[in-house]
Chemist: 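The structure that follows is given in the form of structure tokens.
Numbered from 1 within each chain, the chains take letters A, B, ... in sequence-line order.
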There are 2 protein chains.
Amino acid sequence: MATTLHDVAQVAGVSFKTVSNVINDHPNVRPTTRARVQAAIAELGYRPNLTARSLRSGHSGAITLAVPQLRLPYFAELADAVISAAEAHGLVVLIEQTSGGRDRELEVLKSPRLKMSDGLIFSPLGLGEEDAALVTAEVPIVLLGERIFSSSCDHVTMQNIEGARAATEHLLDIGRKRIAVVGAHEGEVIGSAGLRLKGYREALEARGVPYDDSLVAYMGEWHRANGALAMHELLERGVEFDAVFGFNDTLAQGAMRVLQEAGRRIPDDIAVIGFDDLDETRYSLPTLSTVDPGRTEIAETAIKVLMERIKTPDGPAPREIETTFSVVARESTLGTAP
Amino acid sequence: MATTLHDVAQVAGVSFKTVSNVINDHPNVRPTTRARVQAAIAELGYRPNLTARSLRSGHSGAITLAVPQLRLPYFAELADAVISAAEAHGLVVLIEQTSGGRDRELEVLKSPRLKMSDGLIFSPLGLGEEDAALVTAEVPIVLLGERIFSSSCDHVTMQNIEGARAATEHLLDIGRKRIAVVGAHEGEVIGSAGLRLKGYREALEARGVPYDDSLVAYMGEWHRANGALAMHELLERGVEFDAVFGFNDTLAQGAMRVLQEAGRRIPDDIAVIGFDDLDETRYSLPTLSTVDPGRTEIAETAIKVLMERIKTPDGPAPREIETTFSVVARESTLGTAP
DNA sequence: CCGGAAGGATACAACGTTGCAGGTATGCCC
DNA sequence: GGGCATACCTGCAACGTTGTATCCTTCCGG
């Protein structure tokens, strides 16, 4: 059996409440008593029972992070960042995988397990704008991503439009004119794909480059295989292009592979840029230029905002926070026009 | 305020204990009462307070997974598998990142937070065989990996020697004779590097191929950059080789990149095989042959063993379990001798 | 030397749940 | 119809902690 406050109290010769007071750094404990209690704590190797503390105090020091799947590098790196940020504040993180399924996401929101934690950082994929009203739970929520903007939760998101615009401008800056897009979603307006396409178009317009829909590859999910497939399709279409904007790094890498197999040199013939700044982009051949969406900042901000909301649930109105981004130029966009 | 057993009891017109009995499927509750209580539960949207249940019953339905870093793909995929396996048993997973630091790993073992969960799945990196005795905690532990074999915990591990042997044999089978190794650790006997080198040597010996230490690249940590560095060094050394065995996929990919930059064709000039079967090996150029160490099986076995140990802490003696592996042949080892 | 205020420690209750021991009907048997 | 087993339900205690209220010192000023 684990040692309790009572055991410590008995050894120290005080009431168990005094031990509690020592542990919680309450004032009005005489230094000599404090020392005696601390000696007893050390002697017995006492560790507080966090479950009991949690029941009594109403908060657990844990938060939940709900993401689609950790095997997707983007979410793995996000989770890494969130756990690190949480750790810095003494919080522990409990992870739920949703597979990006709408039902499973709703289930997580309603699960009693959620109450084992003090708050939720939620990166939905199945739920959309029309479900905004359903995004509520018995704990405060910080929403991530681009699926839902009109919920009543705090929302931390990257600058998709601006980032995509900057990526496109980067390609234009090195002299590319015909920029293919890999990863568009038919008819999508918000959501990463919709926003990034908007940024792409804005950049073209700002530079007076005409938009050509035949340069845009539409697809379903952003998996590497789809990036490869889309690039095959673009090549078969016979349309000319001198650059590719992959809406995320995974797509860009799938596309790069197909380009290389087809004998196109990167960046000489075709420049390629991605989005997300995954770790692996630093090691591909060639290394992949990309947009760093500020993942660490997203994680830290989410934790900060969530902690504030936990402290004062009826605090300020829900906030919409955008993180800073930057274009990371690597080998895949090296040099100038072909 | 959340609804409690008392609230439900009041609505249903029974004692709160009866509500508890209904929830826990206790016998001796009349169907009509049961129905009435369930109606009240539904009406009020009652959800049990898991913290209170946990305090009372002594277990929480959560387990802890301690890994170095989720940003390392191997651990991300492991965590994914563990969470999925846990989910299938109604368990939720709490993740601690250790950075692979010895002190931090010991800290996790001793942290009171660990007691918020019922057990620990622990993949150490900083701790070694000499620390085996320190691997104890207030909850059952299942150890993963190759760092510690003589602890008193259940241990689930892959077949490193056999897997490495099979990988090497695969290279020999396609006619390669001079197989370079990337990722050896100077003087290591156990640990992934030591075991995999052993498997490599066993395969050579079994086929009567002489072992040549000049083909072996020693290094520190298994990061992609080190794989690249090691390959540079091997090339500079001027030693001839027609195949490379990367001790993990990340190293193999770093090596592949350098080989390609140096103008060597894969697999025509040099065949390459890795270890781990990371998702990304399916998408590299060329796709990377590797050893699938049975990650899903590791996760499921770990969960199963941990649950048994939680149920009966003084059950059978600590078990040493090895998972099944398989060689996955992809493009990087296609064809026969050069 | 007494009254009062602070400091220091304690007692009690509560958080929401489950285990255990009981209690009250109901039905069955003789 | 009384005794007794059975089925159903309830009350109490406890898990280990913290908040509130309270009590007992001690020390100071008058």
Side-chain angles (χ1 to χ4, degrees), chain A residues 1-41 44-62 111-118 138-139, chain B residues 1-41 44-62 111-118 138-139:
Chain A
M1 203 54 207
T3 65
T4 73
L5 285 181
H6 290 86
D7 304 326
V8 176
Q10 199 160 19
V11 170
V14 294
S15 94
F16 80 100
K17 187 62 226 290
T18 301
V19 180
S20 168
N21 288 338
V22 169
I23 287 167
N24 294 289
D25 272 331
H26 277 198
N28 298 351
V29 179
R30 199 159 32 195
T32 61
T33 339
R34 183 177 300 272
R36 200 147 37 93
V37 168
Q38 271 158 348
I41 288 176
L44 298 178
Y46 167 78
R47 317 225 161 256
N49 179 322
L50 297 189
T51 304
R53 177 178 292 178
S54 171
L55 173 60
R56 178 63 237 233
S57 67
H59 48 87
S60 62
S111 162
R113 292 208 299 224
L114 193 52
K115 271 295 283 302
M116 283 184 22
S117 63
D118 300 335
E138 296 189 52
V139 298
Chain B
M1 205 55 209
T3 65
T4 73
L5 285 181
H6 291 87
D7 303 327
V8 176
Q10 200 160 18
V11 170
V14 294
S15 94
F16 80 101
K17 189 61 228 290
T18 301
V19 180
S20 169
N21 289 338
V22 168
I23 288 167
N24 294 288
D25 272 331
H26 276 199
N28 296 350
V29 178
R30 196 158 36 196
T32 60
T33 337
R34 183 177 300 273
R36 200 147 38 93
V37 168
Q38 271 159 348
I41 288 176
L44 297 178
Y46 167 79
R47 317 225 161 257
N49 180 322
L50 297 189
T51 304
R53 177 178 292 178
S54 171
L55 173 61
R56 179 61 236 233
S57 68
H59 47 87
S60 63
S111 161
R113 291 207 301 223
L114 193 52
K115 271 298 282 299
M116 283 183 23
S117 63
D118 300 335
E138 296 189 51
V139 296

Chemist: Check whether any side-chain nitrogen or oxygen of B/Thr4 sits under 4.0 Å from OP1 or OP2 of C/dC15, and answer yes or no.
Modeler: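 No.
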Chemist: Could you check how far CG of B/Leu50 sits from P of C/dG16, rounded to whole Å?
Modeler: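 Going from B/Leu50 (CG) to C/dG16 (P), I get 13 Å.
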Chemist: I want to check one thing: is the phosphate of C/dA11, taken as OP1 and OP2, less than 4.0 Å away from some side-chain N or O of A/Ser15?
Modeler: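 Result: no.
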Chemist: Run the side-chain contact (heavy atoms from CB on, under 4.5 Å) test against A/Gln10 and tell me which residues pass, sequence neighbours left out.
Modeler: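 side-chain contact (heavy atoms from CB on, under 4.5 Å) list for A/Gln10, sorted by chain: empty.
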Chemist: Between A/Gln38 and A/Val22, does a side chain to side chain contact (heavy atoms under 4.5 Å, CB included) hold up when you go through it step by step?
Modeler: CA-CA 8 Å; A/Gln38 271 158 348; A/Val22 169; 4.2 Å; yes
Chemist: Could you give the CG-to-C1' distance, from B/Leu55 to D/dA13, as a whole number of Å?
Modeler: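 Rounded to whole Å, this separation is 13 Å.
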Chemist: Using heavy atoms to find the nearest nucleotide of DNA chain D for A/Ala52 and B/Pro31 separately, return the residue whose nucleotide is more 5′.
Modeler: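 Closest to the 5' end, via its nearest nucleotide, is B/Pro31.
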Chemist: Would you indicate, yes or no, if C/dT18 has its OP1 or OP2 atom less than 4.0 angstrom from a side-chain nitrogen or oxygen of B/Ser57?
Modeler: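 Result: no.
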Chemist: Find which nucleotide of DNA chain D each of B/Gly13 and A/Arg30 is nearest to by heavy atoms, and output the residue with the more 5' nucleotide.
Modeler: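 Final value for this comparison: B/Gly13.
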Chemist: Are OP1 or OP2 of C/dT10 and a side-chain N or O of A/Thr18 less than 4.0 angstrom apart?
Modeler: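 Affirmative; the distance criterion is met.
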Chemist: Please answer whether the main-chain N or O of A/Val29 pairs with a side-chain N or O of A/Thr33 as donor and acceptor at a distance below 3.5 Å.
Modeler: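 Not a single qualifying donor-acceptor pair exists.
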Chemist: Rounded to the Å, how far apart are B/His6 NE2 and D/dT10 P?
Modeler: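 Taking NE2 of B/His6 and P of D/dT10, I get 12 Å after rounding.
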Chemist: Figure out the CZ/P separation between B/Arg56 and D/dT17, and round it to whole Å.
Modeler: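 Result: 15 Å.
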Chemist: To the nearest angstrom, how far is A/Asn28 atom CG from C/dG7 atom P?
Modeler: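 Atom CG in A/Asn28 sits about 6 Å away from atom P in C/dG7.
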Chemist: Rounded to whole Å, how long is the line connecting atom CZ of A/Arg53 with atom P of C/dG16?
Modeler: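 Atom-to-atom, A/Arg53 to C/dG16, this comes out as 19 Å.
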Chemist: B/Val139 versus B/Asp118: any side-chain heavy-atom pair under 4.5 Å?
Modeler: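 Of all side-chain heavy-atom pairs linking B/Asp118 with B/Val139, none is under 4.5 Å.
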Chemist: Send over the distance from A/Asn21 CG to C/dG7 P, rounded to a whole Å.
Modeler: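 The answer, rounded to whole Å, is 15 Å.
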Chemist: Once you round it to whole Å, what is the distance between P of D/dC15 and NZ of B/Lys115?
Modeler: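 Interatomic distance, NZ of B/Lys115 to P of D/dC15: 14 Å.
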Chemist: Describe the nucleic acid contact of B/Ser54 in one word from base, sugar-phosphate, nothing, applying a heavy-atom distance below 4.0 Å.
Modeler: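 Nothing: the residue B/Ser54, judged by heavy atoms under 4.0 Å, touches no strand.
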Chemist: Which part of the nucleic acid, if any, lies within reach of A/Pro48 when heavy atoms closer than 4.0 Å are counted: base, sugar-phosphate only, or nothing?
Modeler: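 Counting heavy atoms under 4.0 Å across all strands, the contact made by A/Pro48 is with sugar-phosphate only.
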Chemist: Closer to the 5' end of DNA chain C via nearest nucleotide, is it A/Lys17 or B/Phe16?
Modeler: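 Here A/Lys17 is the residue nearer the 5' end.
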Chemist: Any sub-3.5 Å donor-acceptor pair from B/Ser60's side-chain atoms to B/Ser54's backbone N or O?
Modeler: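 Such a contact is absent between B/Ser60 side chain and B/Ser54 backbone.
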